[in-house]
Amino acid sequence: CDIDILKEKIGEVLLPGDEFVFESEDTIFLTDNVKPERPVCGPGLRQSGNRLVVSKSGVLRHKPPHTFWMDSQQWRYVPAKAETVIGIVTSKSGDIFKVDVGGSEQASLSYLAFEGATKRNRPNVQVGDLVFAQFTVANKDMEPELVCIDGSGRANGMGVFGGGGLLLKVSLGLVRRLLAPQSDIRSDLEQLFPCELVVGMNGRIWVRASTIQQTLIISNLLQSCDTLTAPQRREQFRKLQKGGL
């Protein structure tokens, strides 16, 4: 099986256990094509030797040249290192904040993991605050750990936020569509109302527009994107632009 057979399945629904077998790495080619093309596995796909196995049901998607992933309506979030998420501070214990990230357990966030934070200059973080943070530790054997600074100690958009906005819960598939480099959903939203969006990989979105009514309209639109097809979504946006809703 070569990569073209996988490309033929793009847009089709695949189920866990479906697999594709590729040319063995030790095959000797007598032509210029020394090595077969190998796929790059995204979420929902797993590579085992010369087999590519579907581990999550959904629709097969492709990003040129050879990246493939399963687009699914998954809602349960599993923390992954380096991913940025929206968390809710639930408690403070000593120098550590506990943060709900929507996973199976809460994550820890040190008060020193903020830009400019020192023992004397502590960040103003209260229980109930929203934080945009990044995982530095995320595996099944250790408690997840978050920071609100990048590798150079800068906030880089992370930290406490959320005054006057609305927090939504959407599928993880919709989050990936919103974070895509050329997201059609985001471009449609920008044409509708100017708004602020903070998108967490854990399926949480914070939105704020210039009025409460506009904020509610955008939040309802975003939540409906999980069930609408692209033509239905565009029709919904057109109606709003014409004042039909």
Side-chain angles (χ1 to χ4, degrees), residues 43 58-59 61 71-79 83-91 97-104 106-107 109 114 123-135 146 148 155-245:
V59 178
R61 302 294 187 197
D71 188 3
S72 65
Q73 294 296 98
Q74 180 181 341
W75 291 75
R76 179 175 169 268
Y77 177 67
V78 178
E83 285 190 347
T84 48
V85 295
I86 296 175
I88 304 168
V89 178
T90 57
S91 65
F97 299 104
K98 291 294 183 182
V99 182
D100 169 22
V101 291
S104 58
Q106 297 198 346
L109 172 64
F114 291 82
N124 181 20
V125 182
Q126 307 297 327
V127 171
D129 281 350
L130 297 180
V131 290
F132 190 54
Q134 185 176 45
F135 281 106
L146 293 166
C148 290
N156 198 14
M158 293 182 281
V160 177
F161 74 101
L166 197 60
L167 185 65
L168 323 172
K169 184 79 174 84
V170 299
S171 74
L172 305 186
L174 178 56
V175 162
R176 283 193 288 272
R177 286 158 63 196
L178 283 165
L179 292 174
Q182 294 175 323
S183 169
D184 51 351
I185 299 177
R186 286 192 87 138
S187 60
D188 286 347
L189 282 175
E190 286 163 6
Q191 292 175 21
L192 197 58
F193 303 126
C195 66
E196 295 176 67
L197 275 185
V198 179
V199 182
M201 290 296 292
N202 55 339
R204 288 177 179 164
I205 299 174
W206 177 86
V207 58
R208 181 172 65 188
S210 56
T211 67
I212 294 173
Q213 184 186 16
Q214 288 181 358
T215 301
L216 289 170
I217 288 172
I218 289 174
S219 66
N220 288 334
L221 272 175
L222 282 168
Q223 288 178 310
S224 68
C225 286
D226 265 321
T227 54
L228 295 178
T229 63
Q232 288 172 333
R233 188 190 72 245
R234 284 192 285 269
E235 179 62 27
Q236 187 104 313
F237 277 51
R238 269 197 298 269
K239 284 182 181 178
L240 273 167
Q241 284 175 318
K242 292 177 182 176
L245 282 178

Arg233 CZ to Leu222 CG distance, which is reported to the nearest 0.5 Å: 10.0 Å
4.5 Å side-chain heavy-atom contact, Val160 and Val89: no
Leu221 versus Phe237, closest heavy-atom pair with distance: CD2-CE1, 3.6 Å
Smallest separation among heavy atoms of Phe135 and Ala107, with atom names: CE2-CB, 4.2 Å
Straight-line distance of Ile86 CD1 to Asp100 CG, nearest 0.5 Å: 12.0 Å
pair Arg238-Leu240: side-chain heavy atoms closer than 4.5 Å: no
Test side chain to side chain contact (heavy atoms under 4.5 Å, CB included) applied to Val175 and Val170, step by step: CA-CA 7 Å; Val175 162; Val170 299; 3.9 Å; yes
For Asn156, all residues meeting side chain to side chain donor-acceptor pair (under 3.5 Å), sequence neighbours excluded: none
Exercise: do Asp226 and Ser171 side chains pair donor with acceptor under 3.5 Å: yes
Least distance between heavy atoms, Pro123 atom then Phe114 atom: CG-CD1, 3.6 Å
Test side-chain contact (heavy atoms from CB on, under 4.5 Å) applied to Arg204 and Ile88, Val198, Val199, the passing residue: Ile88
Sidechain-backbone polar pair: Arg208 side chain, Cys195 backbone, donor-acceptor under 3.5 Å: no
Distance (rounded to the nearest 0.5 Å) between Phe193 CZ and Thr211 OG1: 7.0 Å
From CD (Gln232) to OG (Ser224), nearest 0.5 Å: 9.5 Å
Atom pair CD (Gln236) and CG (Asp188), whose distance is rounded to the nearest 0.5 Å: 11.5 Å
Close side-chain approach of Val99 to Val131, heavy-atom, < 4.5 Å: yes
Derivation and outcome, side chain to side chain contact (heavy atoms under 4.5 Å, CB included), residues Val125 and Leu109: CA-CA 11 Å; Val125 182; Leu109 172 64; 5.8 Å; no
Stepwise side chain to side chain contact (heavy atoms under 4.5 Å, CB included) test for Tyr77 and Val85: CA-CA 10 Å; Tyr77 177 67; Val85 295; 3.6 Å; yes
side-chain contact (heavy atoms from CB on, under 4.5 Å) partner of Leu167, chosen from Leu130, Val207, Ile205: Leu130
Listed partners of Ser183 passing side chain to side chain donor-acceptor pair (under 3.5 Å), at least two apart: none
Side-chain (Thr215) to main-chain (Ala209) donor-acceptor, under 3.5 angstrom: yes
Contact summary for Val101 and Gly87, nearest pair of heavy atoms: CG1-CA, 4.4 Å
Distance, nearest 0.5 Å, that separates CD of Glu83 from CG of Leu146: 11.5 Å
Ser219 and Gln223: side chain donor to acceptor below 3.5 Å: no
Check: Asn220 side chain, Leu216 main-chain N or O, donor-acceptor pair, under 3.5 Å: yes
Atom of Gly203, atom of Leu172 and distance for their closest heavy-atom approach: N-CD2, 3.6 Å
Pairing of Arg177 and Asp184 as salt bridge, 4.0 angstrom limit: no
Glu190: partners by side chain to side chain donor-acceptor pair (under 3.5 Å), with sequence neighbours left out: none
Minimum-distance pair of heavy atoms, taken over all atoms of Met201 and Leu179: SD-CD1, 3.3 Å
